[in-house]
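Everything below concerns the one structure shown next.
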Amino acid sequence: IIANWKMNPDTSDKAVTLVQTIEQAITGISDVEVVIASPFPFLSSIATILTHAKLGSQNAFWEDKGAYTGEISADMIKNLGVKYVLIGHSERRQDHPEETNEIINKKIIKALKNGLKIIFCIGERERDTKGCYFHFIKKEILEGLEGIDGKEADNIIIAYEPIWAIGAKAQRADRPDDTLKIVDFIREVLSSIFGKNLSRKIPVLYGGSVDADNAQDFLKNGGVQGLLVGRSSLDGKIFSKILKDADV
Ligand code: 13P
């Protein structure tokens with residue numbers, strides 16, 4: 001279960017308090033891997049207090065160093081204790097038009113090379129009646145994972161997040177039985193890249209308006225192995241309930 005805090009909370013103190021609540025909740029569960037994808041400025045302070053959850057970041061650049069003002073390399077965050085990195089989140093694709101499938105592929109290659117596990121985010125803008133979204137998702141996967149060796153299968157997580165289901169303005173969360181169809185399709189595409197056996201190692205997660213009421217339904221009926229949680233990960237109580245529900 002991955003918490004994507006996005007550009008929240010607003011202070012380091014609040015970030016630390018939230019981590020403490022989450023860590024407390026994890027002590028009561030036995031079989032859930034938890035990742036907290038924090039904004040860059042909080043990574044160092046969070047790293048010192050994490051005991052069960054793993055540290056994640058929300059982006060990493062595709063070069064190791066150099067004249068790239070404002071960018072942060074995979075190596076830099078790895079040295080802060082980061083184990084997981086979100087790549088290709090739709091909010092980045094949307095707000096940074098240069099964040100194309102090609103650039104996302106470069107970021108994935110670099111992050112994997114630096115020993116990070118990647119959470120590769122995909123998802124359609126619109127669920128059209130003609131089923132064009134299947135092609136869209138396939139293209140995102142094929143172009144994003146272009147040239148990635150099957151040996152990396154252990155280090156790849158796919159997060160399926162339909163864009164229309166994300167955030168406060170979302171129409172609704174997906175329906176788990178619809179998610180299931182898309183997850184099956186994602187698995188087919190992964191299998192065409194890595195072969196059936198290796199692709200089975202890749203967890204597929206759902207994200208988009210996950211809350212304490214629907215988390216278990218997605219995990220039971222959506223065909224996913226985990227969840228990428230936005231707003232509900234910022235409330236210690238709600239996120240703790242999601243973790244508990246995932247621990248079955
Ligand atoms: P919400 O859970 O707030 O809809 O955000 C989903 C998301 O984008 C997680 O990466």
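In each ligand, atom 1 is the first atom listed, and ligand 1 is the first ligand listed. Below, all heavy atoms of this structure are taken into account, side chains as well, without hydrogens, waters or symmetry copies.
- For the pair Gly230 and ligand 1, the shortest N or O to N or O distance falls below 3.5 Å.
- Note on ligand 1: Gly167 sits in its first shell, one or more heavy atoms being nearer than 4.0 Å.
- Considering Ile238, Leu243, Asp245 in turn, Asp245 is the only one that fulfils the side-chain contact (heavy atoms from CB on, under 4.5 Å) rule with Lys241.
- A 4.5 Å side-chain heavy-atom check between Ile87 and Cys121 finds every atom pair outside the cut-off.
- Nearest to atom 7 (C) of ligand 1 among the protein's heavy atoms is Glu161 OE2, 3.0 Å.
- Proximity to His89 (heavy-atom distance under 4.0 Å) selects the following atoms of ligand 1: 7 (C), 8 (O), 9 (C), 10 (O).
- Defined by atom type and a distance below 3.5 Å, a donor-acceptor pair is missing between the side-chain atoms of Asn105 and Glu102.
- The distance from the CD1 atom of Ile22 to the CZ atom of Phe239 is 5.0 Å, given to the nearest 0.5 Å.
- Residue-ligand proximity, Leu228 to ligand 1, at heavy-atom distances under 4.0 Å covers atoms 9 (C), 10 (O).
- Every heavy atom of Ser232 sits 4.0 Å or more from the atoms of ligand 1.
- At the top of the distance list for atom 5 (O) of ligand 1, counting protein heavy atoms only, stands Lys6 NZ, 3.0 Å.
- Not counting sequence neighbours, the partners of Gln94 by the side chain to side chain contact (heavy atoms under 4.5 Å, CB included) test are Arg125, Ile163.
- Around atom CZ of Arg175, no more than 12 heavy atoms belonging to other residues, nucleotides or ligands sit under 6.0 Å away.
- Inclusion of Asn4 in the set of residues having an N or O under 3.5 Å from an N or O of ligand 1 is warranted.
- Atoms of ligand 1 lying under 4.0 Å from any heavy atom of Arg231, numbered from 1 in the order shown and given with element: 1 (P), 2 (O), 3 (O), 4 (O).
- In the model, Thr51 has a side-chain atom that pairs as donor or acceptor with a side-chain atom of Glu23 under 3.5 Å.
- Where the criterion is an N or O separation shorter than 3.5 Å, residue side chain and backbone included, Gly207 fails it with respect to ligand 1.
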